[in-house]
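Residue numbers start from 1 in every chain, and the chains themselves are labelled A, B, ... in the order their sequence lines are given, proteins ahead of strands. Predicted, not measured: the structure shown is a model, and the values here were computed from it.
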Number of protein chains: 2
Amino acid sequence: MVATAALHSPLQQQRAVHPTLHAVRTTPSCSTCGVVSLCLPCSAEHEPGEYLDELVTQRTHLHKGDVLVHRGDRFTALYAIHSGSCKSVVTTTCGGEQIVGYHITGEVLGAEAIFKGVHDSTITVLEDSEFCVLQFERVQSLARRSDDFQRSFNAFLSREIGLERKLMLMLGTMRAEQRLASFLLDLADRYRARGYSSCEFVLRMTREEIGSHLGLKLETVSRLFSRFHQEGLICVQGREVKLLDRTGLQQIIDTADQ
Amino acid sequence: MVATAALHSPLQQQRAVHPTLHAVRTTPSCSTCGVVSLCLPCSAEHEPGEYLDELVTQRTHLHKGDVLVHRGDRFTALYAIHSGSCKSVVTTTCGGEQIVGYHITGEVLGAEAIFKGVHDSTITVLEDSEFCVLQFERVQSLARRSDDFQRSFNAFLSREIGLERKLMLMLGTMRAEQRLASFLLDLADRYRARGYSSCEFVLRMTREEIGSHLGLKLETVSRLFSRFHQEGLICVQGREVKLLDRTGLQQIIDTADQ
DNA sequence: CGTAAGTTTGACTTACATCAAGTTTTGTGG
DNA sequence: CCACAAAACTTGATGTAAGTCAAACTTACG
């Protein structure tokens with residue numbers, strides 16, 4: 001397998017064809033990958049890398065705005081983000097849209113489509129990113145042979161349920177300011193787990209997209225950013241965010257009312 | 001194993017001790033159970049009953065108000081509702097509560113706790129109900145031996161992710177009337193799948209609980225029931241609901257605005 | 001049969017949405 | 001590299017869906 005990064009044409013900026021048609025780098029390897037420990041929950045004695053190498057045979061490089069998965073695409077693989085970020089968008093019957101997921105390095109996408117065999121969300125790349133392709137056939141086959149992997153994979157699916165539930169709770173019980181504070185702190189935690197700065201990062205989404213993710217309108221998101229900035233909780237400059245007072249943000253979440 | 005239904009004391013009404021201390025009926029059997037096909041997604045050639053018999057060794061009978069699982073309990077088993085209904089309640093750090101699930105016959109609970117090994121929601125029984133206890137050890141062991149079951153179990157977990165996402169979408173994008181209409185139609189579909197009447201059923205939750213589930217206040221729920229009744233969409237008499245105009249309810253959901 | 005829990009309905013408030021300008025940033029082609 | 005158009009963002013004024021408060025009514029239950 002040979003690196004063919006030059007395949008990308010400028011036209012792909014807008015709409016991606018099937019990922020397999022994209023550049024495939026030299027054979028990827030989980031055992032030498034810096035982020036693999038994030039992809040799957042793993043037991044202490046068995047580092048996931050040991051048996052995962054056979055799982056990822058392909059890596060796909062996509063550009064900002066490219067679509068990794070279209071709503072309606074047949075489910076064949078899970079995708080682990082090797083680097084970069086993306087959003088999952090669901091369209092409701094009435095034409096409404098919601099961003100149900102904002103995903104960064106080390107997160108694995110697509111598990112919700114196992115059941116139906118069809119993806120019902122569109123996954124769009126938010127910056128130049130690399131994805132590891134986990135053919136589901138191989139995932140299942142490995143689970144059959146390795147009890148340890150089977151356990152990890154179940155834990156991974158269970159974790160996804162918990163993450164969805166957490167978002168659900170946010171949308172069901174929190175006020176606007178609590179939602180944004182929660183979003184920022186959650187993101188900070190995820191960056192920290194990845195060894196990045198946990199208090200200084202660049203948002204890859206517009207105010208409108210953040211709003212869609214939090215069940216708010218872009219104006220509300222913008223106003224809240226300004227307010228948090230004024231109150232000295234954060235420092236915002238466009239999409240660059242610095243968390244200045246994590247305790248203060250946590251207090252906003254923990255405050256029952258007002 | 002002998003039926004010991006007489007074990008129940010009136011005191012148990014409020015707080016249940018561990019389910020294993022409750023009445024255990026004669027050895028239950030999936031292969032002769034009417035609702036098993038609902039518990040796990042199954043392939044056409046392999047009816048789930050074939051290999052599931054070894055899975056369920058216990059059945060627990062609980063009363064209205066009993067608690068099946070407390071927040072903080074160690075995860076050891078999944079619970080399938082053989083008959084009856086229950087609610088899953090999550091408490092937020094700030095003391096807020098949300099009902100994250102309203103479950104009826106044939107639904108399987110607890111999968112979100114596999115990852116952490118600890119339940120973070122409290123499951124309370126809404127009417128006298130029977131639960132099949134699926135020790136997770138046995139679930140994993142069976143998955144190891146049966147590819148078909150492994151596949152089903154993955155599909156089940158994936159389906160749960162999708163269900164959470166559906167609720168998330170409701171909370172993130174819908175207005176109050178859309179949420180209630182959606183809740184009623186969803187419930188109707190679930191009853192239909194169980195062979196019950198899909199347009200006439202008894203809600204086992206109070207207005208407050210329904211509100212908590214839909215991210216609304218009880219007064220709003222009550223007003224909406226009254227309005228839907230006036231508009232001839234449904235017929236409500238306390239907790240008894242009759243759906244009179246499913247298309248009308250669907251239209252409420254599909255209407256973008258107003 | 002009486003108390004408590006649940007429900008309905010009305011009057012009023014509020015958090016967020018909507019509408020509307022104006023400003024800044026981004027990106028593209030000359 | 002600059003110019004200029006499009007996209008993204010900010011901020012203010014106003015509207016409204018749903019929340020809050022309150023009182024009366026109904027149902028469940030010991």
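Although no hydrogens or angles enter the test, the distance criterion places a donor-acceptor pair under 3.5 Å between the side chain of Arg179(B) and the main chain of Leu214(B). Formation of a donor-acceptor pair under 3.5 Å by the Ser212(B) side chain with backbone atoms of Ile99(B) is found in this model.
Residue Arg239(A) is classed as a sugar-phosphate contact, given heavy-atom separations below 4.0 Å to backbone atoms only. Nucleic acid contact class of Gly215(B) (heavy atoms, under 4.0 Å, all strands): sugar-phosphate only. Note on Leu218(B): a base of the nucleic acid sits closer than 4.0 angstrom, heavy atoms only. Among the atoms of the strands shown, base atoms are found under 4.0 Å from some heavy atom of Ser222(A).
Atom CD1 of Ile210(A) is separated from atom C1' of dC9(D) by 11 Å (rounded to the nearest Å). The distance from atom CG of Leu214(A) to atom P of dA15(C) is 19 Å, rounded to the nearest whole Å. Residue Glu209(B) contributes atom CD, which lies 14 Å from atom P of dA5(C) at whole-angstrom precision. If you measure from atom CZ of Arg207(B) to atom C1' of dT8(C), you get 9 Å, rounded to the nearest angstrom. Atom C1' of nucleotide dA17(D) and atom NZ of Lys217(B) are separated by 15 Å, given to the nearest angstrom. Counting to the nearest Å, the P atom of dA17(D) and the CE atom of Met174(B) are 17 Å from each other. Here dC16(C) presents its P atom at 8 Å from CG of Leu224(A), a figure rounded to the nearest Å. One atom, CD of Glu219(A), and another, C1' of dA20(C), lie 10 Å apart when rounded to the nearest Å.
Between dT11(D) and Ser226(A), a contact under 4.0 Å exists linking OP1 or OP2 to a side-chain N or O.
Between His213(B) and Phe183(B), the angle of the ring planes goes over 60°, which puts this pair in the perpendicular group of the 30/60° scheme.
The side chain of Arg175(B) lies closest to dA18(D), out of dT8(C), dA18(D), dC16(C). Taking every side-chain heavy atom of Thr220(B) into account, dG19(D) is the closest of dG6(C), dC16(C), dG19(D).
Of the two residues near DNA chain C, Gln237(A) and Met205(B), the one whose nearest nucleotide lies more 5' is Met205(B).
Between the side chain of Arg223(B) and the base of dT20(D) there is at least one donor-acceptor pair of N/O atoms closer than 3.5 Å.
Partner of Ile252(A) under the side-chain contact (heavy atoms from CB on, under 4.5 Å) criterion, chosen from Thr247(A), Asp245(A), Leu233(A), Leu180(A): Leu233(A).
More than 12 non-hydrogen atoms from other residues, nucleotides or ligands lie less than 6.0 angstrom from CZ of Arg246(A).
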